[in-house]
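Down below is the structure, laid out as structure tokens.
Keep in mind that this is a model prediction, so the values were computed, not measured. Numbering starts at 1 and runs along the sequence shown. Counting convention: from 1, in listed order, for ligands and their atoms alike.
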Amino acid sequence: MARRRTFAIISHPDAGKTTLTEKFLLYAGAIEAAGAVKARRDRRAATSDWMGMEQERGISITSAALRFEYKDTVFNLLDTPGHRDFSEDTYRVLAAADCAVMVLDAAKGVEPQTLKLFDVCRARGIPLVSFINKFDRPGLSPLELLDNIESKIGLIPVPVTWPVGIPGDFKGVIDRRSGDFYRYDKTAHGATIAPEEVLSPEAAAAMVGDDYVTARDEIELLDAVGSGFDAKPFLAGETTPVFFGSAVSNFGVRLLLEAMIELAPSPVPRADEDGVPRSLESPFSALVFKVQANMDPNHRDRIAFFRVCSGRFERGMTAIHARTGRPYSLKYAHQMFGQDRATVDEAYPGDIIGVVNATDLGIGDSLYVDVPVVFPAIPSFAPEYFMVARNKDSARYKQFRRGITQLDEEGVIQVLRHPDRGDQEPILAAVGPMQFEVAQYRLEEEFGAPVELSPTNYKVARRTDDAGRDALKAMWQAEVFTRSDGAMLALFPSRFQLERFQADHPDVLLERIVAGIDE
Ligand code: G4P
């Protein structure tokens with residue numbers, strides 16, 4: 001398990017997450033040539049994306065875990081959705097990660113989407129490594145970018161490499177640890193591994209001249225203020241090591257990948273719901289963080305992804321499913337690489353495994369052997385968008401119900417039912433509006449259930465209880481719905497109405513759903 005690095009790449013759409021993912025795979029030898037696995041036109045349509053809609057729109061909506069090895073290290077790369085809306089899926093994926101790489105566009109710095117993702121990392125205590133991408137193009141100066149990270153997300157940036165030349169006239173980077181200069185070759189084609197030219201300080205000074213001297217002066221200033229890399233504040237989420245590069249031309253990719261071996265943490269004991277850590281050597285335990293149906297249209301299957309948290313996983317073993325207390329056979333366990341599956345014989349803490357035909361496993365479920373454990377539930381977000389779903393074809397009601405239930409279990413959307421209207425007209429609740437498009441698309445394409453989604457007046461949700469539901473009956477603008485996990489959610493048309501009701505009924509429970517993150 002010391003060889004494991006389980007991490008996610010997070011970024012604002014277009015900053016270069018897909019490109020960097022692909023380049024990691026290229027450098028690790030998991031793919032032979034970037035772009036070769038996919039036609040250039042639908043470049044984003046292969047390895048980690050598989051849905052038709054993703055291919056059409058060129059965005060990554062669902063997430064996959066990619067496993068690859070590099071220099072004796074086993075990487076489990078969790079792919080987070082890259083669309084503009086913040087998605088609950090990202091939060092769940094981060095529940096399985098030990099570390100995250102934040103990709104920033106050198107011309108844009110920290111963008112709003114990155115801020116929300118950062119909040120999630122902070123809430124989960126995930127250390128962040130920053131990669132400033134697109135240095136081959138004009139952009140902000142390195143000092144502006146560092147300032148941006150510090151002022152916007154409050155992490156102290158610690159440059160591990162330092163750029164020579166400005167964005168757009170980029171000459172390479174100096175590795176602050178060794179002093180070596182890595183020369184950027186503009187003409188290098190990005191599809192295959194770029195040969196790297198590493199020069200000593202003297203040779204670099206002679207070759208590059210003024211830009212190199214300026215960069216060295218800047219490094220001296222950085223050294224003088226003592227911003228050298230130190231593992232402790234990084235792991236505590238106080239600092240972020242920063243790397244500069246250009247993923248599209250492969251520059252800086254190897255340095256970053258190697259830094260992930262050196263800097264990123266290997267798995268640590270995970271706390272159970274009482275806060276007691278389960279040692280990595282304890283018998284097998286795992287946490288289900290993602291459920292996905294119909295990944296392979298030819299199979300119509302349902303895969304539950306879990307992260308091994310302790311012990312050794314062996315194919316065919318039987319674990320206990322903590323929620324039901326029943327034995328659960330792990331016969332059909334796979335590791336995924338895009339649509340390809342490889343059967344797994346054994347796995348260790350940090351590894352991500354998909355179990356095929358996992359009908360009973362739900363998000364947040366724990367599995368264990370011998371010594372019982374229940375890991376804390378993965379909290380769901382306060383939904384901010386609410387639509388009524390109606391089945392458009394009465395002959396397809398069964399498909400409609402099955403599809404809604406499946407998307408609910410996968411957490412694609414939250415499904416809220418009214419005691420009187422039940423399954424007929426459930427409310428679909430989401431954190432970002434794109435979740436509705438995904439739900440509608442999948443209901444039609446995968447389940448054959450054409451659906452009409454109509455807006456509601458609701459804008460705010462709060463958790464309540466039986467007494468709250470009775471009290472709210474008197475208020476015609478608000479209604480109470482039951483979510484499939486049993487939670488009762490009171491929906492209000494506005495924060496103002498919520499606050500007014502609360503002021504009149506201070507005893508009624510109206511609780512924010514995830515404190516600190518939902519607003
Ligand atoms: P995302 O997953 O974060 O959304 O970003 P993605 O990797 O898809 O990259 C978005 C665009 O930025 C792509 O251009 C990609 O080629 C480009 N890009 C990525 N890294 C770099 C870099 O280091 N330098 C420069 N100059 N561009 C970079 P596109 O036009 O959308 O696609 P394509 O036509 O290039 O394939």
Sub-4.0 Å atoms of ligand 1 with respect to non-hydrogen atoms of [X]:
{"X": "Ser11", "result": "3 (O)"}
{"X": "Lys17", "result": "1 (P), 2 (O), 3 (O), 5 (O), 7 (O)"}
{"X": "Asp14", "result": "1 (P), 3 (O), 4 (O), 5 (O), 10 (C), 12 (O)"}
{"X": "His12", "result": "3 (O)"}

Going by the angle between their ring planes, with limits at 30° and 60°, are Phe170 and Tyr184 parallel, tilted or perpendicular?
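Phe170 vs Tyr184 ring planes: tilted.
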
Please work out whether any backbone atom (N, CA, C, O) or any side-chain heavy atom from C-beta onward of Ser246 is under 4.0 Å from ligand 1, and answer side chain, backbone, both or neither.
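The part of Ser246 near ligand 1 is both the backbone and the side chain.
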
Examine the proximity of ligand 1 to Lys134 and report which part, side chain or backbone, both or neither, has a heavy atom under 4.0 Å away.
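The answer is both.
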
State whether the shortest distance between N or O atoms of [X] and N or O atoms of ligand 1 falls below 3.5 angstrom.
{"X": "Phe135", "result": "no"}
{"X": "Gly16", "result": "yes"}
{"X": "Leu20", "result": "no"}

I'd like to know if the side chain of [X] pairs up with that of [Y] as donor and acceptor (distance under 3.5 Å, no hydrogens or angles considered).
{"X": "Tyr70", "Y": "Arg254", "answer": "yes"}
{"X": "Asp408", "Y": "Ser484", "answer": "yes"}
{"X": "Thr19", "Y": "Glu22", "answer": "no"}
{"X": "Thr21", "Y": "Thr18", "answer": "no"}

Have a look at Asp136, Thr18, Val103 and point out the one with the heavy atom closest to atom 26 (N) of ligand 1.
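Among Asp136, Thr18, Val103, the closest heavy atom to atom 26 (N) of ligand 1 comes from Asp136.
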
Ile352: which of Leu66, Leu78, Leu77 passes side-chain contact (heavy atoms from CB on, under 4.5 Å)
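Answer to the side-chain contact (heavy atoms from CB on, under 4.5 Å) test with Ile352 among Leu66, Leu78, Leu77: Leu78.
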
If you measure from each heavy atom of Glu22 to ligand 1, is any distance below 4.0 Å?
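Outside the 4.0 Å threshold, so no.
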
Just by modelled atom types, is the Phe386 backbone N or O under 3.5 Å from a matching donor or acceptor in the Thr456 side chain?
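Yes.
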
Start with the C-alpha gap between Leu428 and Ile404, add the side-chain angles, then the distance that decides, and say whether side-chain contact (heavy atoms from CB on, under 4.5 Å) holds.
CA-CA 9 Å; Leu428 305 188; Ile404 294 272; 4.0 Å; yes

